[in-house]
Number of protein chains: 2
Amino acid sequence: MNNAQLLINNCASCNLKFYGFDTMSTEQLNIFKESHCRVEFKKGETLIKQGARCSNLVCIKSGYVKMHVEGLGGKSLIIKVLKPGDFIISPGIFDDYRNHFSASAITDVNTCLISIDAFSNVFHSNDQFAESILRHNHQLMQTLYNQLINLSHKKMTGRVADTLLYLSNEVYESNIFYTTLSRQDMADLSSVSKESLIRILKDFKDSGIILVEGNQFKIQATTTLQKISQAG
Amino acid sequence: MNNAQLLINNCASCNLKFYGFDTMSTEQLNIFKESHCRVEFKKGETLIKQGARCSNLVCIKSGYVKMHVEGLGGKSLIIKVLKPGDFIISPGIFDDYRNHFSASAITDVNTCLISIDAFSNVFHSNDQFAESILRHNHQLMQTLYNQLINLSHKKMTGRVADTLLYLSNEVYESNIFYTTLSRQDMADLSSVSKESLIRILKDFKDSGIILVEGNQFKIQATTTLQKISQAG
DNA sequence: AGTGGTGATTGATAAATATCAATACAAACT
DNA sequence: AGTTTGTATTGATATTTATCAATCACCACT
């Protein structure tokens with residue numbers, strides 16, 4: 001094993017900072033290191049399958065992943081888009097050991113998979129780590145509350161505006177972005193039909209709020225979008 | 001202080017079993033006991049106000065509480081109905097110290113309020129307790145995922161069927177129940193307008209699926225309701 | 001018994017949204 | 001270049017659902 005590989009495979013020298021991992025001792029980082037597998041997923045592949053046994057903490061090293069729940073009649077709802085530095089703890093951990101959602105690669109993705117045993121070990125021996133995991137969880141829950149409000153109280157235009165602001169602010173962190181999400185994905189993220197999404201995108205484009213060229217987006221009028229989002 | 005009050009005020013001899021509290025040592029239960037206040041809320045009163053600072057772990061000793069998020073234009077969505085033995089940890093704990101939802105009494109309610117400091121103290125010193133809190137959290141998250149699927153993929157009738165099954169199975173734990181939820185509340189729980197809820201209830205009644213007499217309900221055909229829920 | 005208030009119910013209508021069908025487009029593959 | 005395949009787009013239509021307005025029923029208070 002050469003030096004470069006050593007660096008790559010050592011959690012202590014990982015170039016990404018995962019939320020809460022800074023509370024871990026060298027020894028604890030070693031526990032992660034010992035248990036981890038580096039796995040690469042191709043675009044479209046499934047990282048986590050709803051209903052299957054959950055066996056890993058999934059850390060995203062590079063690429064983008066959609067977290068979605070599979071509903072009825074083949075329909076799907078996207079909860080969140082994950083980016084490098086994010087990780088996924090299946091809520092089944094400590095409970096029924098099942099995944100309650102799926103995660104799929106929307107680009108090629110590099111991951112580190114840490115075993116649940118290693119995670120559990122550190123969770124139990126490091127209370128600061130435990131606290132940050134709980135906090136991480138609460139933040140995800142916050143996202144879910146917002147989604148619930150969006151779905152139940154906002155009309156389509158407001159929800160699509162939210163999706164655009166979300167992608168721009170939280171995911172791609174720029175008002176110009178190229179997305180590998182399909183129109184169907186964007187519809188699943190906004191909880192509207194694909195056709196409705198396309199029409200609303202066209203409206204926004206016609207009113208000069210955004211520029212769209214295929215999957216290349218530019219948010220021109222952020223405040224207008226925010227108003228549309230607020231108005232519901 | 002007489003004997004009865006001593007019993008009442010001693011967390012160790014509390015007649016309710018709160019999820020995860022069984023992991024606590026006598027000493028830790030004492031920390032809770034020292035910090036707690038017993039507070040009674042009248043029907044309609046607010047236990048937790050969205051946006052306000054979160055200061056307590058709220059344990060429900062008796063009565064029923066609706067957990068709801070306040071959306072836009074005075075609209076509200078009910079996430080969950082809590083009953084004796086349930087407790088509420090605001091997701092703001094360890095994070096922004098704000099409540100991200102509200103909780104209101106739908107009957108007179110007796111609570112024990114445990115300070116966040118005491119909670120934090122035990123969370124950090126008892127890893128089994130921490131694990132069960134995380135698990136508790138995950139279960140709530142599971143509820144949220146289900147709600148998301150319901151809202152985004154199901155039509156009104158399916159959502160109302162879900163509400164009836166939820167109240168029957170999870171809240172009142174009987175196929176005959178009297179609820180103090182108003183029609184508006186039931187609508188907020190199903191995310192439909194009050195009028196639509198009433199019409200669907202009438203449909204269910206006319207088809208013999210349920211009996212309704214004011215706030216007294218009887219589920220006659222559980223399997224039919226389940227089918228309606230599944231069909232979306 | 002009369003009055004006022006609140007929540008429940010009903011009916012009519014308008015608005016929001018999905019669905020269906022047809023077409024366009026672009027990449028991948030002979 | 002022609003064909004296939006999958007996604008994107010557009011238009012027409014049907015469905016779903018909310019909103020508005022009116023009425024009803026029940027309870028508390030005079």
Side-chain angles (χ1 to χ4, degrees), chain A residues 42-44 66 71-78 104 106 149-163 178-206 210-217 228-229 231-232, chain B residues 43-44 66 71-78 104 106-107 149-163 178-206 210-217 228-229 231-232:
Chain A
K42 291 287 169 198
K43 179 177 176 178
K66 62 175 177 181
L72 308 143
K75 287 180 186 176
S76 160
L77 176 73
I78 298 180
S104 314
I106 58 169
I149 292 179
N150 289 351
L151 290 186
S152 52
H153 297 331
K154 285 186 187 173
K155 280 175 292 197
M156 291 199 303
T157 44
R159 300 208 296 274
V160 173
D162 276 331
T163 292
Y178 178 89
T179 183
T180 56
L181 291 167
S182 67
R183 292 295 190 261
Q184 182 65 62
D185 284 336
M186 292 182 73
D188 289 346
L189 195 48
S190 319
S191 192
V192 299
S193 71
K194 185 184 42 172
E195 291 91 336
S196 294
L197 175 102
I198 287 166
R199 275 183 256 268
I200 292 166
L201 244 34
K202 190 173 144 73
D203 279 357
F204 287 171
K205 188 181 179 181
D206 289 349
I210 59 171
L211 281 181
V212 197
E213 191 67 42
N215 284 3
Q216 183 73 47
F217 288 78
I228 293 170
S229 159
Chain B
K43 179 177 175 178
K66 63 176 177 181
L72 309 144
K75 288 180 185 175
S76 162
L77 176 74
I78 298 181
S104 315
I106 58 169
T107 62
I149 292 178
N150 289 350
L151 289 186
S152 53
H153 296 330
K154 286 185 188 174
K155 279 174 293 197
M156 290 199 303
T157 43
R159 299 208 297 275
V160 173
D162 276 330
T163 292
Y178 178 88
T179 184
T180 56
L181 290 166
S182 67
R183 293 293 191 262
Q184 182 66 61
D185 284 335
M186 291 183 72
D188 289 345
L189 194 49
S190 318
S191 192
V192 298
S193 71
K194 184 184 42 171
E195 292 91 338
S196 294
L197 175 103
I198 287 167
R199 276 183 255 267
I200 292 166
L201 245 35
K202 189 174 147 69
D203 279 356
F204 287 171
K205 187 181 179 180
D206 290 348
I210 58 170
L211 281 182
V212 197
E213 191 66 42
N215 284 3
Q216 183 72 48
F217 288 79
I228 293 170
S229 158

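Residue numbers begin at 1 in each chain, while the letters A, B, ... track the order of the sequences.
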Distance-only polar pair, side chains of B:Ser229 and B:Asp162, donor-acceptor under 3.5 Å = yes
remark   = Paired with A:Leu197, the side-chain contact (heavy atoms from CB on, under 4.5 Å) test is passed by just one of A:Gln184, A:Met186, A:Met156, A:Lys202, namely A:Met186
task = Please report, rounded to the nearest Å, how far the C1' atom of C:dA18 is from the NE2 atom of B:His153.
result = 14 Å
ask   = Taking NZ from B:Lys155 and P from D:dA14, how many angstroms apart are they, rounded to a whole number?
value = 17 Å
inquiry  = What is the separation between atom CG on A:Leu201 and atom P on D:dT7, rounded to the nearest whole Å?
reply    = 17 Å
ask   = Which whole-number value in Å describes the distance from A:Glu213 CD to D:dT9 C1'?
value = 14 Å
query = Would a 4.5 Å heavy-atom cut-off, applied to side chains only, mark B:Ile200 and B:Val160 as touching?
reply = yes
ask   = At under 4.0 Å, does any side-chain N or O of B:Lys202 touch on OP1 or OP2 of C:dT10?
value = yes
inquiry  = Just N and O in the side chain of A:Arg183: are any of them under 4.0 Å from OP1 or OP2 of D:dT9?
reply    = yes
query = Across the strands shown, which category fits A:Ser182 at heavy-atom distances under 4.0 angstrom: base, sugar-phosphate, nothing?
reply = sugar-phosphate
message = Among C:dT17, C:dA8, D:dA18, which nucleotide has an atom closest to any side-chain atom of A:Ser196?
response = C:dT17
Proximal nucleotide (of C:dT9, C:dT17, D:dT17) relative to the B:Ile198 side chain = C:dT9
Whole-Å distance separating the NZ atom of A:Lys75 from the C1' atom of C:dT19 = 10 Å
message = Can you say whether a donor on the side chain of B:Arg199 sits under 3.5 Å from an acceptor on the base of D:dT16, or the other way round?
response = no
Test item: A:Arg159 side-chain N/O and A:Val192 main-chain N/O as donor-acceptor pair under 3.5 Å = no
Salt bridge (Lys or Arg N to Asp or Glu O under 4.0 Å), paired with B:Asp185, selected from B:Lys194, B:Lys43, B:Lys66 = B:Lys66
message = Which is more 5' along DNA chain C, the nucleotide nearest A:Met156 or the one nearest A:Glu195? Just name the residue.
response = A:Met156
ask   = Between D:dA25 atom P and B:Asn215 atom CG, what is the distance in whole Å?
value = 17 Å
task = Provide, to the nearest angstrom, the distance between the CG atom belonging to A:Leu181 and the P atom belonging to D:dT7.
result = 14 Å
task = May I have the distance from B:Lys194 (atom NZ) to C:dT10 (atom P), rounded to whole angstrom?
result = 13 Å
Closest to the A:Arg159 side chain, choosing from C:dT10, D:dT9, C:dT17 = C:dT17
